[in-house]
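Working notes, beginning with the structure itself.
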Amino acid sequence: MSIWSLILVLGIAGVLMKVIGPALAGGKKLPERLGDVIDLFPLALLASLVTTGVATHGQAIVIDDRLVGAAFGLVVLLLRAPMVVAGAVAACVCALLRLQ
Amino acid sequence: MKVPTGLRKSMPFALATIPVGIAFGVLAAPELGAFFTIAMSAIVWAGGAQFAAVSILSSGGALLPAAVAGIVANARYLPMGFAVAPSMSGPLHRRMFQAATLTDASFVIGREPDGKFDLDTIAWAAPLQYLAWVGGTVIGAIGAHALPDPDALGLDVVYPVFFLSLLIPELRNRVNDPASRGWDRRRLAVVLLAGATAASTTPVAPAGIPIVAGSVVAFVGLAWRAPRRIEEGRSS
């Protein structure tokens, strides 16, 4: 396998995974039970993304300054500030903690 | 001229993507060379898959395991595609084009209050994210030595906080029962269970699997049904 093959395989596989569902089931109405699952799917995905983004590094669970930064970001969000402000606050807190 | 919703909402995510793209450029260029690094971001356009594949190569692994790792890292797009499918209409080639524009951020941005997905929003969220990803990679691959360390600026926490900002309204969202108040215990349980599943599978599973495992927690919806508003005039 060459680097080009690797790149093409990953590119094609990624697109395939995204389009298989819409190609097979596009526009079709789902049974109600499945609708309840799909309704929860973004929530579960987001929770997973936040958890892995804040508390993991590669294959290890790492609790560090990111958690503190994210906590400040959460407070800012609960105060109904825009997400960009929350992100900036979290980054600043994180950067300041890392100065030590 | 009105700015399309997807384009507007994707802007903060695109900005946050730039440092991640730079990080990939910095990581991959010593391994693949600047040309292949940039080509990879342009053709694959999937941070998870790219980081997974390159980190295997960097630690001495062969190309085949790197390919497998990259494919596995993208696995969550399979259920995401199926989740979006019912909201689609139109011919096959248009459905496939719209699906190809999916990313984590556009998946959630494109969600409508009734639980369906707005495919125009999702598609319009793609161009800025793509430009940011490839542009960041170019900067990282070519100019790494001149840049400050993104981690020193705390930039690695920005993406998760953006996802957190989407999680909060999603937690409060009540598709079936909009009039009710108070916490939805079901949705809270899903958040905690999904987070715990993603965290606990991280040490034991390859990159990408923990996120799929956490997302699969949504299947509790099969057993734990959403509360529904009682309709007027229904005979019981």
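A note on names: the letters A, B, ... follow the listed sequences, proteins ahead of strands, and every chain is numbered from 1. Note that this is a predicted model, so its numbers are computed, not measured.
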Would you mind reporting whether [Y] and [X] have side-chain heavy atoms less than 4.5 Å apart?
X: B:Leu153; Y: A:Arg98; value: no
X: B:Leu171; Y: A:Leu46; value: no
X: B:Val220; Y: A:Val37; value: no

Taking everything shown except B:Phe36 itself, do over 12 heavy atoms lie less than 6.0 Å from its CZ?
->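 Check passes, neighbour count above 12.
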Is the shortest distance from a Lys or Arg side-chain nitrogen in B:Lys116 or A:Asp39 to a carboxylate oxygen in the other one below 4.0 Å?
->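 Looking at A:Asp39 together with B:Lys116, the answer is no, because their closest N to O distance does not fall below 4.0 Å.
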With a 4.0 Å cut-off, would you call A:Arg66 and B:Asp151 a salt bridge?
->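 Not counted as a salt bridge, because no side-chain N and carboxylate O are separated by less than 4.0 Å.
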Of the backbone (N, CA, C, O) and the side chain (C-beta and beyond), which part of [X] lies under 4.5 Å from a heavy atom of chain B, both, or neither?
X: A:Leu6; value: side chain
X: A:Ala60; value: backbone
X: A:Ser5; value: neither
X: A:Ser48; value: both

Please step through side-chain contact (heavy atoms from CB on, under 4.5 Å) for the pair B:Val161 and A:Met83, ending with a clear verdict.
-> CA-CA 8 Å; B:Val161 169; A:Met83 72 158 114; over 6 Å; no
Top residue by heavy-atom pair count (under 4.5 Å) with chain A, among [options]?
options: B:Phe107, B:Tyr77, B:Tyr159, B:Trp45; value: B:Tyr77
options: B:Ala99, B:Ser200, B:Ala205, B:Ala194; value: B:Ala99
options: B:Ala66, B:Pro79, B:Ala62, B:Pro206; value: B:Pro79
options: B:Ala75, B:Ala207, B:Ser87, B:Ala213; value: B:Ala75
options: B:Ser55, B:Ala199, B:Ser89, B:Pro210; value: B:Ala199
options: B:Ile43, B:Val158, B:Val216; value: B:Ile43

Before giving the answer on side-chain contact (heavy atoms from CB on, under 4.5 Å), spell out for A:Phe41 and B:Arg76 the whole-Å C-alpha distance, their side-chain angles and the decisive distance to 0.1 Å.
-> CA-CA 11 Å; A:Phe41 190 72; B:Arg76 68 187 180 287; 5.7 Å; no
Distance-only, no hydrogens or angles: does the B:Arg95 side chain make a donor-acceptor pair with backbone N or O of A:Pro22 under 3.5 Å?
->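 Yes, because the side chain of B:Arg95 sits within donor-acceptor range (under 3.5 Å) of the backbone of A:Pro22.
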